[in-house]
Amino acid sequence: LACAVGGISCSSASSKGGQPRVLFCCGPTGVRKTELAKALTELLYGEDTEPVRFDMSEYRQDHSDQRLIGPPPGYEGHEQGGQLTNRCVERPFSLFLFDEIDKAHPRVLDLFLQVLEDGRLTDGRGKTAFFSEACLMFTSNIGGSTLGDTPLHKSDAELPDYAAIRKYYLNEVRRAFVEKIGRPELLNRFGGNIVVFDIIRPEHMPAICRKFFALCDMSAKELHGIRLEWDDRIVEMICGLMRRGENFEMGGRRIKTLIEELV
C-alpha cells in the first residue's frame with residue numbers, strides 16, 4: 001500500500017493501467033479476515049465506502065467467468081457486461097473482496113492472471129476495466145480444516161507460536177495452488193503480499209466477548225429501551241468454553257454463537 005501511494009513501481013504498463021494493490025489473506029476461520037477488508041476500505045476510500053464483495057463459492061461452475069466479465073457476443077445478456085468489470089468502471093476507487101478464492105473454478109481464477117499482472121480486464125463487449133486505482137483482497141481458509149490434526153495443536157494448554165502458524169499456512173497455500181488448484185502462476189502474482197492471520201489466542205478472547213456484549217447492549221436499547229449489565233463471570237465462562245478444541249478451532253465467530261446460545 002505504501003508503494004502504491006508513492007506511485008513508483010516496476011510495471012511497464014501505460015499510465016492508464018498499472019498493477020492494483022493486492023492482498024491474499026489466509027488463516028483459521030473466524031479470525032475476521034473480512035472485517036479487515038471493511039476497515040481497509042474505510043482507510044483507503046473513506047468511511048462511507050463499502051468493499052465490493054464476491055463470494056467465490058458461488059463461482060464453482062466452468063461458465064461462472066461469464067458472470068464476472070459478461071457473456072460473449074451472440075449470447076443472452078451480452079449487452080449488460082459483467083458484474084466485476086461493470087463495478088470497476090463505475091467505481092475504480094474501490095476495494096474488491098474475493099472471499100474463499102480457492103473455491104472458484106479454475107477458469108475464473110484465470111481471469112485474475114491478467115488483472116494482477118496488468119491491472120486490466122476486458123469484458124464480453126470489448127470494453128476494458130482498469131484496476132490501477134483499486135485494491136484487490138483475496139481470502140482463503142486453506143489449511144484451516146486440518147490445523148487441529150497437525151503436531152502444531154498439541155493441547156489446549158500448549159498453543160503454537162505465530163511463526164509456526166505462519167509457516168504452516170504458507171506451506172498449505174503453496175501446496176494448494178500448485179498441486180490441487182494447479183495455478184502456481186497465480187500464486188506467483190500474489191508475491192510477498194500473503195498475509196497469514198494468527199489463531200484467536202486466550203488473552204484476546206475477553207476483549208472479543210466485550211465487543212459482542214456492546215452490540216447486544218445497543219440492540220437491547222434500540223429495540224426495548226433497556227440496559228444490559230454483564231457480570232465478569234460470563235466472560236470467564238465463555239473463555240473457558242472457548243479453550244475446548246471444538247470451540248477453539250471455530251475462532252471468534254464461535255464466541256458470538258456461544259453468547260447467543262447460553263446468554
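- In terms of modelled atom types and a separation under 3.5 Å, the side chain of Y169 and the main chain of A164 share no donor-acceptor contact.
- Legend: residues meeting salt bridge (Lys or Arg N to Asp or Glu O under 4.0 Å) with E203, ordered by chain and number and at least two apart, are absent.
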> Can C26 and I194 be said to form a side chain to side chain contact (heavy atoms under 4.5 Å, CB included), step by step?
Replying inline: CA-CA 7 Å; C26 59; I194 300 178; 4.0 Å; yes
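- Aromatic ring centres of F131 and F112: separated by at least 6.0 Å.
- Side-chain atoms of K33 come within 3.5 Å of backbone N or O of P28 as a donor-acceptor pair.
- Linking ILVMFWY side-chain heavy atoms closer than 4.5 Å, directly or via other members, places I101 and V178 in two distinct hydrophobic clusters.
- Between the CG atom in L187 and the CZ atom in R175 there is a gap of 13.5 Å [rounded to 0.5 Å].
- D231 contributes no side-chain N or O that, together with a main-chain N or O of I234, makes up a donor-acceptor pair within less than 3.5 Å.
- Remark: side-chain polar atoms of H224 are not paired, donor with acceptor, to backbone N or O of I226 under 3.5 angstrom.
- Heavy atoms from other residues, nucleotides or ligands lying under 6.0 Å from CE of M237 number more than 12.
- Taken together through direct or relayed side-chain contacts under 4.5 Å among Ile, Leu, Val, Met, Phe, Trp and Tyr, V89 and L84 form parts of separate hydrophobic clusters.
- In terms of heavy-atom proximity, D62 sits nearest to D65 at O-OD1, 3.3 Å.
- When every heavy atom of V235 is checked against every heavy atom of F213, the shortest pair comes out as CG2-CE1, 3.5 Å.
- Annotation: side chain of R183 is in contact with side chain of D110 (closest heavy-atom distance under 4.5 Å).
- Rounding to the nearest 0.5 Å places CD1 of I181 at 12.0 Å from NZ of K103.
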> side chain to side chain contact (heavy atoms under 4.5 Å, CB included) between L97 and V52: does it pass, once the steps are laid out?
Replying inline: CA-CA 6 Å; L97 173 62; V52 182; over 6 Å; no
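- Taking every heavy atom of both residues into account, I199 and P160 meet most closely at CD1-O, 4.5 Å.
- Counting heavy-atom neighbours within 6.0 Å of R189 CZ, excluding the residue itself, gives a total above 12.
- I200 pairs by the side-chain contact (heavy atoms from CB on, under 4.5 Å) definition with V31, M205, I208, not counting sequence neighbours.
- Residues V115 and P20 come closest through the heavy atom pair O-CD, 3.5 Å.
- The main-chain N or O of T85 is never found under 3.5 Å from a side-chain atom of D123 such that the two would form a donor-acceptor pair.
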Report, one line per pair, each donor and acceptor closer than 3.5 Å where one atom sits in a side chain of residues 133-140; sequence neighbours left out.
residue, atom, partner, partner atom, Å
T139, OG1, D99, OD1, 2.5
T139, OG1, E100, N, 3.1
S140, OG, D102, OD1, 2.9
S140, OG, I142, N, 3.0

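- Between N193 atom CG and R21 atom CZ the span is 12.0 Å, to the nearest 0.5 Å.
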>> Quick one, F24 with V173, criterion side chain to side chain contact (heavy atoms under 4.5 Å, CB included). Give me CA distance, side-chain angles, the key distance, then yes/no.
In response: CA-CA 10 Å; F24 183 94; V173 167; 3.9 Å; yes
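- Put simply, CZ on R244 and CG on N247 are 7.0 Å apart, with the number rounded to the nearest 0.5 Å.
- Using a 4.5 Å cut-off between side-chain heavy atoms of Ile, Leu, Val, Met, Phe, Trp and Tyr, with links allowed through other members, L223 and L228 fall into different hydrophobic clusters.
- Taking 4.5 Å as the limit, every side-chain heavy atom of M218 sits out of range of all side-chain heavy atoms of K221.
- In the model, T257 has a side-chain atom that pairs as donor or acceptor with a side-chain atom of R254 under 3.5 Å.
- Donor-acceptor pairing under 3.5 Å is recorded for the side chains of T128 and T122.
- Taking 4.5 Å as the limit, some side-chain heavy atom of M242 sits within range of a side-chain heavy atom of L258.
- Side-chain N or O atoms of S219 include none that pairs as donor or acceptor with a backbone N or O of L215 at under 3.5 Å.
- Checking side-chain atoms of R60 against main-chain N and O of S57 turns up a donor-acceptor pair under 3.5 Å.
- Ring orientation note: the planes of F177 and F190 are nearly perpendicular, at an angle over 60° on the 30°/60° scale.
- Side chains of F197 and C25 form a contact here, defined as non-hydrogen atoms less than 4.5 Å apart.
- Placement of F96 and L113 within a single hydrophobic cluster is found when ILVMFWY residues are connected by side-chain heavy-atom separations under 4.5 Å, directly or transitively.
- Within a 6.0 Å radius of CZ in R227, no more than 12 heavy atoms belonging to other residues, nucleotides or ligands are found.
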>> Run I69 and Q83 through side chain to side chain contact (heavy atoms under 4.5 Å, CB included) and show every step you take.
In response: CA-CA 6 Å; I69 62 173; Q83 297 173 351; over 6 Å; no
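- Between R87 and S94 the shortest side-chain heavy-atom distance does not fall below 4.5 Å.
- Hydrophobic clustering of Ile, Leu, Val, Met, Phe, Trp and Tyr side chains at less than 4.5 Å, counting indirect connections, keeps I238 apart from M250.
- Figure legend: R67 and Y59 shown as a cation-pi pair, the cationic atom lying under 6.0 angstrom from the six-membered ring centre and within 45 degrees of its axis.
- Rounding to the nearest 0.5 Å gives a distance of 10.0 Å between NZ of K180 and CD of E172.
- Taking CG from L170 and CD1 from I165, the interatomic distance works out to 11.5 Å, rounded to the nearest 0.5 Å.
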